[in-house]
Undergrad: 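Shown below is the structure under consideration.
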Amino acid sequence: FITLLSGCADLPIGRVIFGASIHGYVRKLGLDANDVMVGTALVDMYAKCGRVDLARMVFDGMVMRNSMSWNAMIDGYMRNGKVKDAIELFDQMPERDAISWTALIGGFVRKDNFEQALLWFREMRLSGVEPDYVTMIAVLSACANLGALTLGMWTHRFIMKQDFRDNVKISNSLIDMYSRCGCIEIARQVFKKMQWRTVVSWNSIIVGFAINGHAEEALKFFSLMQKEGFKPD
RNA sequence: AGCGUGCAUGACUU
């Protein structure tokens with residue numbers, strides 16, 4: 001059921017219909033209320049299909065909830081533009097973890113509210129919950145979009161003290177942040193120092209060169225990536 | 001036992 005439910009949001013058509021029919025089936029077995037994982041998967045499914053109202057109904061009907069259930073509901077509100085509801089639930093949550101905070105921060109980034117994202121990151125730091133690499137990706141994205149180089153560099157230094165410092169997605173985000181803040185040379189250094197790269201790493205540096213007016217370099221890296229066996233997407 | 005693939009919440013670029 002969980003596998004089916006988590007696939008619903010990716011269906012091209014009839015997502016809610018399909019999801020709801022699975023819901024009908026699991027309800028006969030009582031799993032929507034009594035099974036935390038099934039309940040959470042339902043909450044997530046409805047929220048991702050744009051039906052936060054139904055997500056909340058399932059959430060309220062659950063006998064047991066864990067942090068994943070709360071986080072799925074908070075994220076559901078955020079991705080459906082219900083910031084107030086998200087924050088209200090966030091405040092009611094028994095104990096917030098990094099994912100709860102990141103759901104809010106990333107939600108603000110998703111709707112281009114970068115200042116709010118950074119304000120909530122500040123709150124998170126004060127709360128004592130340690131950010132993880134997904135949190136920092138959201139923060140770097142906010143910095144990139146604001147062109148906030150000073151904060152971006154602070155974030156970079158902060159990341160270098162963490163055990164996810166060599167995470168590929170983090171490095172990709174650093175490249176993106178520096179190039180969008182106009183520091184293409186630092187972006188290039190980050191790229192050069194990477195132990196492993198993905199197609200996203202190449203895309204980020206190539207786009208970085210392009211938007212900073214370095215067409216030659218962009219083309220050079222475009223052919224370099226193919227020489228290294230990466231297929232442009 | 002080993003290898004591989006998955007395993008309900010936040011998930012990098014275009």
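Because the structure is predicted, anything quoted here is derived from the model rather than measured. Each chain gets a letter, A, B and so on, in the order its sequence line appears, and its residues count up from 1.
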Undergrad: How long is the line joining CG of Asn145(A) and C1' of U13(B), in whole Å?
TA: 12 Å
Undergrad: Taking atom C1' of U9(B) as reference, at what distance in whole Å does atom CG of Asp44(A) sit?
TA: 6 Å
Undergrad: What do the steps show when you test Lys82(A) against Asp53(A) for salt bridge (Lys or Arg N to Asp or Glu O under 4.0 Å), and what is the final call?
TA: CA-CA 11 Å; Lys82(A) 309 229 177 223; Asp53(A) 52 331; over 6 Å; no
Undergrad: How many whole angstroms separate atom CD1 of Ile137(A) from atom C1' of A11(B)?
TA: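 So the CD1-C1' distance, Ile137(A) to A11(B), works out to 6 Å.
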Undergrad: Arg96(A) CZ to U9(B) P: how many Å, rounded?
TA: 21 Å
Undergrad: Using a 4.0 Å heavy-atom cut-off, does Ser204(A) contact any base of the nucleic acid, only the sugar-phosphate backbone, or nothing at all?
TA: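 Answer is sugar-phosphate: Ser204(A) comes under 4.0 Å of backbone atoms only.
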Undergrad: Taking atom P in both C7(B) and A11(B), compute the distance separating them and give it to the nearest angstrom.
TA: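 That atom pair is separated by 15 Å.
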Undergrad: So, does the side chain of Asn203(A) form a donor-acceptor pair with the base of U13(B) at under 3.5 Å?
TA: yes
Undergrad: Roughly how far, to the nearest 0.5 Å, is OH of Tyr133(A) from OG1 of Thr102(A)?
TA: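 So the gap between those two atoms works out to 10.5 Å.
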Undergrad: Where the side chain of Ile2(A) is defined as all heavy atoms beyond and including C-beta, which of U14(B), G10(B), A8(B) is the nearest nucleotide?
TA: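 So the nucleotide nearest the side chain must be A8(B).
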Undergrad: With a non-hydrogen cut-off below 4.0 angstrom, is Arg110(A) in contact with a base, only sugar-phosphate, or nothing?
TA: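 It contacts sugar-phosphate atoms only.
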Undergrad: With sugar-phosphate meaning primed atoms plus P, OP1 and OP2, does Arg197(A) contact a base, only sugar-phosphate, or nothing at under 4.0 Å between heavy atoms?
TA: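 Nothing: the residue Arg197(A), judged by heavy atoms under 4.0 Å, touches no strand.
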Undergrad: With heavy atoms under 4.0 Å as the rule, sort Arg79(A) into base, sugar-phosphate or nothing.
TA: sugar-phosphate
Undergrad: Is the ring centre of Phe90(A) less than 6.0 Å from the ring centre of Trp70(A)?
TA: no
Undergrad: Tell me the interatomic distance from Met73(A), atom CE, to U9(B), atom C1', rounded to whole angstroms.
TA: 12 Å
Undergrad: Below 4.0 angstrom from OP1 or OP2 of A8(B), is there any side-chain N or O of Lys48(A)?
TA: no
Undergrad: Name the stems that RNA chain B belongs to, where each is three or more consecutive Watson-Crick or G-U pairs with both distances under 3.5 Å?
TA: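 In RNA chain B, stems of three or more pairs: none.
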Undergrad: Take the protein atom CE of Met68(A) and the nucleotide atom P of C7(B), then report the distance between them rounded to whole Å.
TA: 13 Å
Undergrad: Could one point to a donor on the side chain of Asn66(A) or the base of A8(B) with an acceptor on the other under 3.5 Å away?
TA: yes
Undergrad: So how far is it from Arg122(A) CZ to Ser127(A) OG, rounded to the nearest 0.5 Å?
TA: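 Going from the CZ atom of Arg122(A) to the OG atom of Ser127(A) covers 13.5 Å.
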Undergrad: Give the cluster check for Met124(A) versus Leu119(A): same hydrophobic cluster or not, with ILVMFWY residues linked at side-chain heavy-atom distances below 4.5 Å.
TA: no
Undergrad: Base, sugar-phosphate or nothing for Tyr133(A)? Non-hydrogen atoms, less than 4.0 Å.
TA: base
Undergrad: Measure the distance from NZ on Lys231(A) to C1' on U14(B) and round it to the nearest whole Å.
TA: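 Spelled out: NZ on Lys231(A) to C1' on U14(B) is 16 Å.
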Undergrad: If you check every side-chain atom of Val134(A), which of A8(B), U14(B), G10(B) has the closest atom?
TA: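 Among A8(B), U14(B), G10(B), the one nearest the side chain of Val134(A) is G10(B).
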Undergrad: Please check if the distance between the ring centroids of Phe1(A) and Tyr25(A) is under 6.0 Å.
TA: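 Distance test on ring centres: under 6.0 Å, yes.
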Undergrad: Is the ring centre of Trp101(A) less than 6.0 Å from the ring centre of Phe121(A)?
TA: no
Undergrad: Rounded to whole angstroms, how far apart are CG on Asp132(A) and C1' on A11(B)?
TA: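 Interatomic distance, CG of Asp132(A) to C1' of A11(B): 10 Å.
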Undergrad: Would a 4.5 Å heavy-atom cut-off, applied to side chains only, mark Arg56(A) and Leu89(A) as touching?
TA: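 Of all side-chain heavy-atom pairs linking Leu89(A) with Arg56(A), at least one is under 4.5 Å.
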